[in-house]
Amino acid sequence: MSLTQLTLTLPDWINEVVDWQQTYQNDQQKMALAIELSRQNVLRGTGGPFGSAIFDIESGKLLSVGVNRVMPLSNSTAHGEMMAIMLAEQSLQSFSLSADGVKRELFTSCEPCAMCLGGTLWSGVKRLVCAATADDARAIGFDEGPVYEQSYQYLTDVGIEVVRLVERDAAAAVLQHYLQEGGTIYNG
């Protein structure tokens, strides 16, 4: 049997949690959504403790969301950031989230792993905002791969603004809850 098609999906509960019409006014509101997505993903048993959202920088309009779907989809690339990026690009029918001249930003409940940091670079977002740290993820057993301070400097050097530690405590609490509930630490 030859597999020639791949389908990646978010959990059914997404539309219960996400208000697609809301305009998000500030970093705290935007990050609250990313963290709530990660929390719901853990509470509902639909994936790992990571959530992301992509917004239009100027208007605060939500374009896409993503949650970690590695385990349920049997796909090591189905991280929250990658899901949000892929869905945003599909929505815009473009491989670049800035091709239409609109500046967009990625909010993520935890600093990206090596794959997602690369995906951030290539996605076309102009701003990356992170909550929990890679060390917070490593502390519960996740391997974030080769991500260094120079990695973030590279993003800055190519014009991507990087903001870290926004609502870190709330996001780190989701990671700890996942560990306490016996969540699977895959690829650790």
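Along the sequence shown, residues carry numbers from 1.
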- Query: Between T133 and E111, is any side-chain donor less than 3.5 angstrom from a side-chain acceptor?
  - Reply: no
- Could you tell me whether the side chains of T77 and N75 share a donor-acceptor contact shorter than 3.5 Å? yes
- Between CZ of F55 and CD of Q29, what distance do you get to the nearest 0.5 Å? 9.0 Å
- With V174, the side-chain contact (heavy atoms from CB on, under 4.5 Å) member among D136, L37, V42: V42
- Tested for side-chain contact (heavy atoms from CB on, under 4.5 Å) against S109, the lone hit among L175, I35, V67, L33 is I35
- Count the heavy atoms of every other residue, nucleotide or ligand shown that sit under 6.0 Å from CG of N26, and state whether that count exceeds 12. yes
- Item | Rounded distance (nearest 0.5 Å) linking atom OG of S59 with atom CD of Q25 | 10.0 Å
- Message: Show the nearest heavy-atom pair for residues M83 and G66, with the distance to one decimal.
- Response: CB-CA, 4.0 Å
- ILVMFWY network linking Y154 to Y148, side-chain heavy atoms under 4.5 angstrom: no
- Task: Measure from the side-chain N and O atoms of R69 to the backbone N and O of G80, and report whether any donor-acceptor pair falls under 3.5 Å.
- Result: no
- Would you mind reporting whether T108 and L128 have side-chain heavy atoms less than 4.5 Å apart? yes
- Message: Is there a continuous path of hydrophobic side-chain contacts, each under 4.5 Å between heavy atoms, that joins L8 to V65?
- Response: yes
- Does any N or O in the side chain of T120 come within less than 3.5 Å of the main-chain N or O of C116, such that one atom is a donor and the other an acceptor? yes
- Is it true that the side chains of D157 and Y152 contain a donor and an acceptor less than 3.5 Å apart? no
- R127 and D27 ion-paired at < 4.0 Å: yes
- Message: Please tell me whether V125 and F95 are part of a single hydrophobic cluster in this structure, the criterion being side-chain heavy atoms less than 4.5 Å apart.
- Response: no
- Item | Whether over 12 other heavy atoms sit under 6.0 Å from M71 CE | no
- Given E161 and R104, is the salt bridge (charged side-chain N to carboxylate O under 4.0 Å, His left out) satisfied, shown in steps? CA-CA 11 Å; E161 179 186 355; R104 297 189 173 87; over 6 Å; no
- Note on the structure: Heavy-atom closest pair (P146 atom, A114 atom, distance to 0.1 Å) is CD-CB, 3.7 Å
- Query: Is T184 reaching over with its side chain to a backbone N or O of Y186, donor-acceptor style, under 3.5 angstrom?
  - Reply: no
- More than 12 non-hydrogen atoms from neighbouring residues, nucleotides or ligands closer than 6.0 Å to CH2 on W122, yes or no? no
- Message: Measuring only between side-chain heavy atoms, which start at C-beta, is L106 closer than 4.5 Å to V129?
- Response: no
- Item | From N68 atom CG to T46 atom OG1, the distance as rounded to the nearest 0.5 Å | 9.5 Å
- Any side-chain heavy-atom pair from W13 and V18 closer than 4.5 angstrom? no
- State yes or no: do V70 and L43 share one hydrophobic cluster built from I, L, V, M, F, W and Y residues joined by side-chain heavy-atom distances below 4.5 Å, directly or via other members? no
- Query: Is the side chain of S64 donor-acceptor paired with the backbone N or O of A84 at a distance under 3.5 Å, no angle test?
  - Reply: yes
- Query: Between D56 and L63, is any pair of side-chain heavy atoms under 4.5 Å apart?
  - Reply: no
- Item | Side-chain donor or acceptor of E181 paired with backbone N/O of Y178 under 3.5 Å | no
- Enter the distance from I140:CD1 to L179:CG here, rounded to the nearest 0.5 Å. 5.5 Å
- Could E16 and R44 be called an ion pair, given the rule that one side-chain N must be under 4.0 Å from one carboxylate O? yes
- Message: Centroid separation under 6.0 Å, is that true for the rings of F142 and F50?
- Response: yes
- Message: Nearest 0.5 Å, please: how far is CE in M86 from CD1 in I54?
- Response: 10.5 Å
- Item | Side chain to side chain, T7 and Q5, heavy atoms closer than 4.5 Å | yes
- Query: Which distance, rounded to the nearest 0.5 Å, do you find between the OH of Y24 and the CE of M31?
  - Reply: 13.0 Å
- For the pair N41 (side chain) and G48 (backbone), establish whether a donor and an acceptor sit closer than 3.5 Å, ignoring hydrogens and angles. yes
- Heavy atoms, side chains only, cut-off 4.5 Å: are C113 and H79 in contact? yes
- Answer yes or no: is there a donor N or O on one side and an acceptor on the other, between the side chain of Q40 and the main chain of E36, under 3.5 Å? no
- Query: Taking a hydrophobic cluster as the set of Ile, Leu, Val, Met, Phe, Trp and Tyr residues connected by side-chain heavy atoms closer than 4.5 Å, whether directly or through intermediates, do I185 and L73 fall within one such cluster?
  - Reply: yes
- Query: Can you find a pair of side-chain heavy atoms, one from E105 and one from K30, that are under 4.5 Å apart?
  - Reply: yes
- So S98 and K103, side-chain contact (heavy atoms from CB on, under 4.5 Å) or not? Walk me through it. CA-CA 6 Å; S98 61; K103 292 183 179 179; over 6 Å; no
- Over all atoms of both residues, closest heavy-atom pair of P112 and C130: CD-SG, 3.8 Å
- Message: Run the side-chain contact (heavy atoms from CB on, under 4.5 Å) test on L62 and D19 for me, step by step, so that the C-alpha distance in whole Å, both residues' side-chain angles and the decisive distance to 0.1 Å come before the verdict.
- Response: CA-CA 9 Å; L62 178 64; D19 178 356; over 6 Å; no
